[in-house]
There are 4 protein chains.
Amino acid sequence: MFFQVQHSHDLPVYGQLVRQVKFAVASGALAPGELIPSVRELARRLAVNPNTVARAYRQLQDDQVLDALPGTGLQVARGAPRRCRSERTKLIRERLRQVIEEARKSQLDGAEVRQIVATELNAVLGNEQPPRRKSEK
Amino acid sequence: MFFQVQHSHDLPVYGQLVRQVKFAVASGALAPGELIPSVRELARRLAVNPNTVARAYRQLQDDQVLDALPGTGLQVARGAPRRCRSERTKLIRERLRQVIEEARKSQLDGAEVRQIVATELNAVLGNEQPPRRKSEK
Amino acid sequence: MFFQVQHSHDLPVYGQLVRQVKFAVASGALAPGELIPSVRELARRLAVNPNTVARAYRQLQDDQVLDALPGTGLQVARGAPRRCRSERTKLIRERLRQVIEEARKSQLDGAEVRQIVATELNAVLGNEQPPRRKSEK
Amino acid sequence: MFFQVQHSHDLPVYGQLVRQVKFAVASGALAPGELIPSVRELARRLAVNPNTVARAYRQLQDDQVLDALPGTGLQVARGAPRRCRSERTKLIRERLRQVIEEARKSQLDGAEVRQIVATELNAVLGNEQPPRRKSEK
DNA sequence: GTGGTCTAGACCACC
DNA sequence: GTGGTCTAGACCACG
């Protein structure tokens with residue numbers, strides 16, 4: 001498991017940890033039942049206060065991504081991968097829709113918005129095949 | 001000019017004002033040379049602390065969107081529309097790229113990302129014609 | 001608003017605060033839109049560390065009982081009374097069922113359980129009229 | 001004797017063991033003078049840390065439910081069944097009273113509390129005859 | 001050893 | 001003034 005945090009990031013440190021754990025669970029890098037690094041050890045590795053790590057882990061328990069085994073540690077909860085995956089795509093859809101709606105409310109018309117989206121899509125993904133629309137041949 | 005603010009919004013109140021003024025300028029609703037509402041009047045209309053409005057106006061002056069006419073008020077600066085428009089599309093491009101990159105780093109592959117983007121695009125814009133690739137004339 | 005906390009209670013201090021706020025909201029003592037005491041003031045009044053109060057308030061925001069008005073304070077959220085009331089009766093039902101099930105699994109038979117319940121019910125509520133059963137006249 | 005423990009339970013593992021032993025004694029499944037499984041053997045059977053079993057047994061000795069036979073093992077103490085039974089109903093009465101008092105302090109009136117209690121009682125016990133009041137002979 | 005809670009005090013953004 | 005975040009260090013229950 002490789003975690004890293006950036007101070008002076010817009011997302012607070014504890015939030016960065018929450019995201020990274022959820023991402024690791026969603027991608028399968030952390031499997032249900034697996035023990036995650038202890039609060040003290042991760043705090044030492046990241047040079048962060050243990051309370052900050054504890055706060056992240058606490059939120060992950062609230063979100064049912066982690067389970068406590070008292071005196072032993074924290075393990076990835078059953079059902080966590082599904083939860084993390086669906087949360088992830090839901091968040092992405094929401095943020096995407098926000099950006100598009102904002103673009104639409106600007107001075108831009110639909111064609112311009114589609115043009116910008118296509119440009120960025122290709123910039124990030126490279127020129128892999130785009131999804132075809134029905135009537136296209 | 002109609003402004004409105006929402007408390008309990010993720011963007012702070014003064015930031016909402018900055019955005020709305022820039023949007024109004026970008027769309028032509030506020031033209032260069034036009035006087036905007038005074039700090040006190042806008043604060044009263046929005047039931048907001050005058051300091052909050054003043055802070056928004058200060059930032060708009062820093063961004064060269066507003067000019068001070070000492071003893072008179074604040075006017076929309078020359079060149080502000082162009083600046084606002086380009087800033088707007090630049091911001092949108094940035095946020096769009098962030099979302100796409102994040103989606104890509106998730107468990108999603110390129111095709112799934114394109115699929116999600118296409119879905120949201122059609123949801124917001126309706127089924128207007130999408131931009132053609134290559135074969136366009 | 002009157003809050004109080006007990007150290008050396010089985011429920012941690014921050015949890016006692018969460019319960020008391022939810023109870024106050026459920027009972028109408030705190031109405032939606034109303035500002036609650038500031039973190040620092042409540043901490044001073046209860047002779048508790050501000051972080052402890054902050055933690056309680058944070059959880060209440062997570063539970064959508066409170067809304068943040070940045071720079072102003074925290075207000076009771078719209079819909080909070082309904083949420084608090086339903087949560088409260090749900091919790092009570094759960095705990096009640098747990099106790100009854102445990103009693104049943106003991107050496108006690110159904111009649112003894114009913115007898116104990118009736119005794120405690122009258123001890124707490126006084127001898128107000130019990131609920132009638134259909135066939136009763 | 002069949003014991004079982006659940007990790008991620010609100011009651012710690014050693015407490016679950018204490019309860020199960022007391023329950024077994026109260027119900028007669030374990031009789032005075034009978035030898036209980038050794039720390040090591042029970043720990044192995046339950047896949048639990050021996051310290052945990054030892055801690056449970058230590059508390060059971062403190063509660064005079066078990067007696068040490070030096071060099072031999074632990075036996076159920078004389079008088080233990082009576083103690084376990086009375087402790088059990090005492091605990092149940094306390095918890096029941098707590099729940100009812102809490103319900104009463106909520107927005108609920110006496111009739112509503114009685115209604116909820118009756119519902120849960122029937123849900124757990126089935127519709128066996130409830131205890132009669134006054135007119136009983 | 002593990003996590004959970006609390007205290008004390010610092011700095012930040014926002015109004 | 002407000003809450004939000006982070007650090008530092010203490011004590012507790014649990015295995």
Chemist: Going from CG on D:Leu46 to CD on D:Gln16, what distance comes out if it is rounded to the nearest 0.5 angstrom?
Modeler: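 Going from CG on D:Leu46 over to CD on D:Gln16, the span is 10.0 Å.
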
Chemist: Give me the residues of residues 15-23 of chain C where at least one heavy atom lies under 4.0 Å from an atom of DNA chain E, by number, or none.
Modeler: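 Nucleic-acid contacts, sorted: none.
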
Chemist: Locate the shortest heavy-atom distance separating A:Leu35 from A:Gly73; write the atom from each residue and the value.
Modeler: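 A:Leu35 and A:Gly73 have their closest heavy atoms at CD2-C, 4.2 Å.
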
Chemist: Output all residues satisfying salt bridge (charged side-chain N to carboxylate O under 4.0 Å, His left out) with A:Arg19, sequence neighbours left out; order by chain, then residue number.
Modeler: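 Result, salt bridge (charged side-chain N to carboxylate O under 4.0 Å, His left out) vs A:Arg19: B:Glu102.
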
Chemist: Classify A:Asn49 by what it touches in the nucleic acid, base, sugar-phosphate, or nothing, heavy-atom distance under 4.0 Å.
Modeler: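 A:Asn49: base contact, heavy atoms under 4.0 Å.
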
Chemist: Which of residues 54-75 of chain C have a heavy atom under 4.0 Å from DNA chain E?
Modeler: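 Within this stretch, C:Arg55, C:Pro70, C:Gly71, C:Thr72 sit under 4.0 Å of the strand.
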
Chemist: Going 5' to 3' along DNA chain F, between which two nucleotides do contacts with chain A fall, using a heavy-atom cut-off of 4.0 Å?
Modeler: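 That gives a stretch of F:dT5 to F:dG15.
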
Chemist: Atom CZ of A:Arg45 and atom CZ of A:Phe2: how far apart are they, to the nearest 0.5 Å?
Modeler: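 Those atoms lie 8.0 Å apart.
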
Chemist: Base, sugar-phosphate alone, or nothing: which one does A:Val48 contact when heavy atoms must sit under 4.0 Å apart?
Modeler: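 Sugar-phosphate contact only.
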
Chemist: May I ask you to decide if D:Val48's main-chain N or O and D:Thr52's side chain share a donor-acceptor pair within less than 3.5 Å?
Modeler: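 No, the answer is negative, given that no donor and acceptor are paired below the 3.5 Å cut-off.
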
Chemist: If every non-hydrogen atom of D:Val53 is compared with every non-hydrogen atom of D:Leu42, which pair is closest and at what distance?
Modeler: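 That closest heavy-atom pairing would be CG1-CD2, 4.0 Å.
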
Chemist: Find the distance between CZ (D:Arg55) and CG (D:Asn49) and round it off to the nearest 0.5 Å.
Modeler: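 The CG atom of D:Asn49 is 11.5 Å from CZ of D:Arg55, to the nearest 0.5 Å.
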
Chemist: Go nucleotide by nucleotide along DNA chain F from the 5' end; which of D:His7 and A:Val13 gets its closest nucleotide reached first?
Modeler: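 Whichever sits nearer the 5' end wins; that is A:Val13.
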
Chemist: Considering heavy-atom distances to DNA chain E, does C:Pro50 or B:Tyr14 have its closest nucleotide positioned more toward the 5' end?
Modeler: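 Closer to the 5' end of DNA chain E: C:Pro50.
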
Chemist: Looking at every strand, decide which applies to B:Asn51 at a 4.0 Å heavy-atom threshold: base, sugar-phosphate, or nothing.
Modeler: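 The answer is nothing, as B:Asn51 stays clear of every strand by at least 4.0 Å.
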
Chemist: How is the base pairing of DNA chain E summarised as a dot-bracket string, given the Watson-Crick and G-U wobble criteria with both distances under 3.5 Å, [ ] for crossing and | for another strand?
Modeler: ||||||||||||||.

Chemist: Salt bridge check, B:Asp63 against B:Arg83: does any charged N sit closer than 4.0 Å to a carboxylate O?
Modeler: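 No.
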
Chemist: Using whole Å, what does the distance between atom C1' of nucleotide E:dC14 and atom CD of B:Gln6 come to?
Modeler: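 Rounded to whole Å, this separation is 17 Å.
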
Chemist: I need the C:Leu96 CG to D:Gln98 CD distance, nearest 0.5 Å.
Modeler: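 Result: 12.5 Å between the selected atoms.
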
Chemist: Would you compute the distance between atom CG of C:Leu60 and atom CG of C:Leu17 and round it to the nearest 0.5 angstrom?
Modeler: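 Reported to 0.5 Å precision, the distance equals 8.5 Å.
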
Chemist: Which side-chain N or O atoms in residues 3-14 of chain B pair as donor and acceptor under 3.5 Å with protein atoms at least two apart or in another chain?
Modeler:
unit_1	atom_1	unit_2	atom_2	d
B:His9	ND1	B:Leu11	N	2.9

Chemist: So, B:Lys105 and B:Glu101, do they make that salt bridge, N to O below 4.0 Å?
Modeler: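 Looking at B:Lys105 and B:Glu101, the cut-off is not met.
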
Chemist: Is there a side-chain contact between C:Arg85 and C:Pro81 (heavy atoms, below 4.5 Å)?
Modeler: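 Sidechains of C:Pro81 and C:Arg85: in contact.
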
